[in-house]
**Student:** 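Have a look at the structure that comes next, please.
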Amino acid sequence: MPELPEVETTRRGLEPWVTGRTLKATRTYQRSLRWPIQAPESLNGATINGLYRRGKYLLFDLDLGIGNSGTLIVHLGMSGSLRVLPLDTPRLKHDHFDLHVDGPRIAGGSDQGSLIRLNDPRRFGCVLYQSGADAEVHPLLAHLGVEPLGNEFSGEYLFQRSRHRKLAVKNFIMDGKIVVGVGNIYAAESLFLAGIRPIVPAGKVSRQAYADLSDRIQSVLSNAIRQGGTTLRDFVGSDGKPGYFQQSLYVYGREGQPCRVCMTRLKGITIGARSSVYCPNCQRRSGFQPPKLDVAG
DNA sequence: ATGCTAACCTGCGCGC
DNA sequence: TGCGCGCAGGTTAGCA
């Protein structure tokens with residue numbers, strides 16, 4: 001479930017509960033996620049300097065003392081969520097991992113701090129550890145593409161990286177080695193808003209179309225973050241509340257329904273083993289774009 | 001290098 | 001009501 005907006009929503013919710021706090025202990029209930037959970041005993045007592053995000057990865061920056069540092073790397077996979085809970089909260093099904101942090105209690109909690117608890121029904125997420133000051137040397141992070149909301153991302157960047165590429169433009173923008181954080185929902189939405197058909201080869205999309213697409217990717221992600229992300233089934237923020245961006249979706253999950261702009265019946269196709277929905281009328285071009293309604297920015 | 005497929009795992013909705 | 005099937009927000013490994 002979680003794409004960039006959901007991970008960022010989680011990060012923002014968690015940040016005040018972890019920054020500057022002591023990691024008193026970790027607890028692993030179900031070790032076998034995508035990879036076995038890595039949380040060495042030596043992390044107990046570390047100071048959490050900050051909580052960062054790289055793509056869909058959450059990075060707990062740890063100070064282990066005597067000049068040692070490290071990073072706990074958490075990915076939420078398809079169905080994961082991290083919540084802040086009172087220390088003595090009973091464990092529910094699919095609760096796999098806890099961070100026990102000190103600090104002022106939350107409502108109903110004890111004085112001993114709080115719990116950051118990972119729940120992940122499908123167990124596609126992960127909890128990994130990278131020692132040292134630079135988490136980006138970790139193999140999972142080392143080759144990631146640019147941040148879509150960062151300065152290196154632009155239409156020109158997409159245009160240059162896509163030359164001679166034959167895969168569908170939808171798969172291209174979902175490729176984490178190109179740009180991180182854009183998953184199946186936001187890829188579909190961005191392409192709709194840019195008027196680009198998802199199946200066209202990435203290498204045939206024009207410079208102008210990529211300029212438009214990069215703007216749409218940024219606005220869709222920003223708007224979704226503002227709405228607390230998209231909740232289809234599992235996702236809840238760190239406060240346990242769902243996101244609301246699903247109300248703003250134009251095409252994702254709307255196959256067969258009328259386009260919200262032109263009322264044309266939305267079409268569903270499979271691209272790269274992922275379901276895709278688009279409007280055959282609004283999404284025509286691989287190059288020049290005819291006049292289009294100014295839908296949601 | 002590029003692009004496609006299978007694989008990981010659980011739950012849910014649908015048709016019969 | 002129950003059962004089997006297909007599908008679901010991600011990403012990597014492996015193969016052509």
Side-chain angles (χ1 to χ4, degrees), chain A residues 1-10 29-37 53-58 73-82 92-97 118-128 138-145 148 161-191 198-204 217 220-221 224-225 227-237 242-256 268-277:
Chain A
M1 119 248 328
E3 300 184 35
L4 187 148
E6 292 74 36
V7 178
E8 180 61 20
T9 295
T10 300
Y29 303 105
Q30 164 60 276
R31 194 174 142 82
S32 66
L33 301 187
R34 170 130 200 212
W35 295 283
I37 286 178
R53 180 186 57 74
R54 179 75 174 94
K56 298 171 189 168
Y57 292 92
L58 286 167
I73 302 169
V74 178
H75 195 290
L76 299 176
M78 286 279 257
S79 57
S81 58
L82 280 170
L92 299 177
K93 196 173 187 184
H94 306 308
D95 285 342
H96 306 310
F97 180 76
L118 174 69
N119 181 279
D120 184 5
R122 293 181 70 182
R123 289 194 273 130
F124 287 171
C126 64
V127 177
L128 300 171
H138 192 283
L140 292 178
L141 306 181
H143 305 292
L144 291 180
R161 295 294 305 266
S162 63
R163 291 310 86 183
H164 310 302
R165 298 290 304 267
K166 294 190 170 108
L167 79 173
V169 61
K170 175 159 176 278
N171 288 340
F172 175 69
I173 61 173
M174 289 175 68
D175 181 351
K177 290 181 171 50
I178 302 296
V179 56
V180 294
V182 182
N184 208 25
I185 297 177
Y186 300 110
E189 295 300 306
S190 304
L191 288 164
I199 195 78
V200 301
K204 299 187 85 168
I217 288 172
V220 163
L221 294 176
I225 291 170
Q227 302 275 312
T230 297
T231 296
L232 267 26
R233 171 167 288 124
D234 306 291
F235 180 73
V236 290
Y244 292 97
F245 192 75
Q246 60 274 19
Q247 298 171 168
S248 307
L249 299 177
Y250 281 93
V251 290
Y252 181 87
R254 299 193 65 243
E255 177 181 349
I269 52 172
T270 298
I271 305 174
R274 309 298 298 275
S275 74
S276 303
V277 184

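In the text below, chain A, chain B and the rest are named by the order of the sequence lines, each starting its count at 1.
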**Student:** What is the distance, to the nearest angstrom, from the NE2 atom on A/His143 to the P atom on B/dA1?
**Tutor:** 12 Å
**Student:** What pairs of residues pass the side chain to side chain donor-acceptor pair (under 3.5 Å) test when at least one of them lies in residues 167-181 of chain A, not counting sequence neighbours?
**Tutor:** A/Lys170-A/Asn184, A/Lys170-A/Ser276
**Student:** Could you run through DNA chain B and flag its stems, i.e. three or more consecutive Watson-Crick or G-U pairs with both distances under 3.5 Å?
**Tutor:** B:2-8 with C:10-16, B:10-16 with C:2-8
**Student:** Do the side-chain N or O atoms of A/Lys93 get closer than 4.0 angstrom to the phosphate oxygens (OP1, OP2) of B/dG11?
**Tutor:** yes
**Student:** Roughly how far, to the nearest 0.5 Å, is CD1 of A/Ile185 from OG of A/Ser190?
**Tutor:** 11.0 Å
**Student:** Does A/Tyr57 have any ring-ring contact (aromatic ring centres under 6.0 Å, His included) partners at least two apart in sequence or in another chain, and if so, which?
**Tutor:** A/His75
**Student:** Does B/dT2 have OP1 or OP2 under 4.0 Å away from a side-chain N or O of A/His164?
**Tutor:** no
**Student:** If the condition is salt bridge (charged side-chain N to carboxylate O under 4.0 Å, His left out), which residues does A/Arg53 pass it with, not counting sequence neighbours?
**Tutor:** A/Glu8, A/Glu147
**Student:** Report the distance from atom CZ of A/Phe235 to atom OG1 of A/Thr10, rounding to the nearest 0.5 Å.
**Tutor:** 4.0 Å
**Student:** Excluding sequence neighbours, so at least two apart, what forms side-chain hydrogen bond (donor to acceptor under 3.5 Å, both in side chains) with A/Gln30?
**Tutor:** A/Ser32
**Student:** Return the 5'-most residue of the pair A/Arg122, A/His75 with respect to DNA chain C, ranking by each residue's nearest nucleotide.
**Tutor:** A/Arg122
**Student:** With centres under 5.5 Å and planes under 30°, do A/Phe235 and C/dG9 count as stacked?
**Tutor:** no
**Student:** A/Val127: what forms a side-chain contact (heavy atoms from CB on, under 4.5 Å) with it, not counting sequence neighbours?
**Tutor:** A/Leu33, A/Ile37, A/Leu72, A/Val74, A/Phe97, A/Leu118
**Student:** Separation of A/Glu255 atom CD from C/dA8 atom P, in whole Å?
**Tutor:** 10 Å
**Student:** Provide a list of protein-nucleic acid N or O atom pairs under 3.5 angstrom, restricted to nucleotides 12-16 of chain C.
**Tutor:**
{"residue": "C/dT12", "atom": "O4'", "partner": "A/Arg34", "partner atom": "NH2", "Å": "2.6"}

**Student:** Strictly below 4.0 Å: does A/Lys56 bring a side-chain N or O up to OP1 or OP2 of C/dG10?
**Tutor:** yes
**Student:** Can you measure A/Leu232 atom CG to B/dG13 atom C1' for me and round it to whole angstrom units?
**Tutor:** 14 Å
**Student:** Any base atoms under 4.0 Å from A/Tyr186, or only sugar-phosphate, or nothing? Heavy atoms, all strands.
**Tutor:** nothing
**Student:** Find the distance between CD1 (A/Ile173) and CD1 (A/Ile217) and round it off to the nearest 0.5 Å.
**Tutor:** 4.5 Å
**Student:** When we call it a touch if two heavy atoms are under 4.0 Å apart, what does A/Leu167 touch: a base, just sugar-phosphate, or nothing?
**Tutor:** sugar-phosphate
**Student:** Nearest 0.5 Å, please: how far is CG in A/Leu140 from CZ in A/Arg54?
**Tutor:** 12.0 Å
**Student:** With centres under 5.5 Å and planes under 30° as the test, does A/Phe124 stack with B/dC8?
**Tutor:** yes
**Student:** Output all residues satisfying side-chain hydrogen bond (donor to acceptor under 3.5 Å, both in side chains) with A/Tyr29, sequence neighbours left out; order by chain, then residue number.
**Tutor:** A/Asp98
**Student:** Tell me the interatomic distance from A/Ile185, atom CD1, to C/dT11, atom P, rounded to whole angstroms.
**Tutor:** 12 Å
**Student:** Taking only N and O in the side chain of A/Arg233, is any of them less than 4.0 Å away from OP1 or OP2 of C/dA8?
**Tutor:** no
**Student:** A/Glu6 CD to C/dA8 P: how many Å, rounded?
**Tutor:** 17 Å
**Student:** Round to a whole Å and report the spacing from CD1 of A/Ile225 to P of C/dG9.
**Tutor:** 19 Å
**Student:** Can you check the A/Asp175 CG to C/dG10 C1' distance for me, whole Å?
**Tutor:** 13 Å
**Student:** Determine yes or no for a side-chain-to-main-chain donor-acceptor pair under 3.5 angstrom, with A/Arg163 supplying the side chain and A/Gly203 the backbone.
**Tutor:** yes
**Student:** With sequence neighbours left out, write down each residue that passes ring-ring contact (aromatic ring centres under 6.0 Å, His included) with A/Tyr186, or none if nothing qualifies.
**Tutor:** A/Phe245
**Student:** May I ask you to list the residues of residues 268-277 of chain A, by number, that have any heavy atom positioned under 4.0 Å from an atom of DNA chain C?
**Tutor:** A/Arg274, A/Ser275
**Student:** Without decimals, in angstroms, what is the distance between A/Leu221 CG and C/dG9 P?
**Tutor:** 16 Å
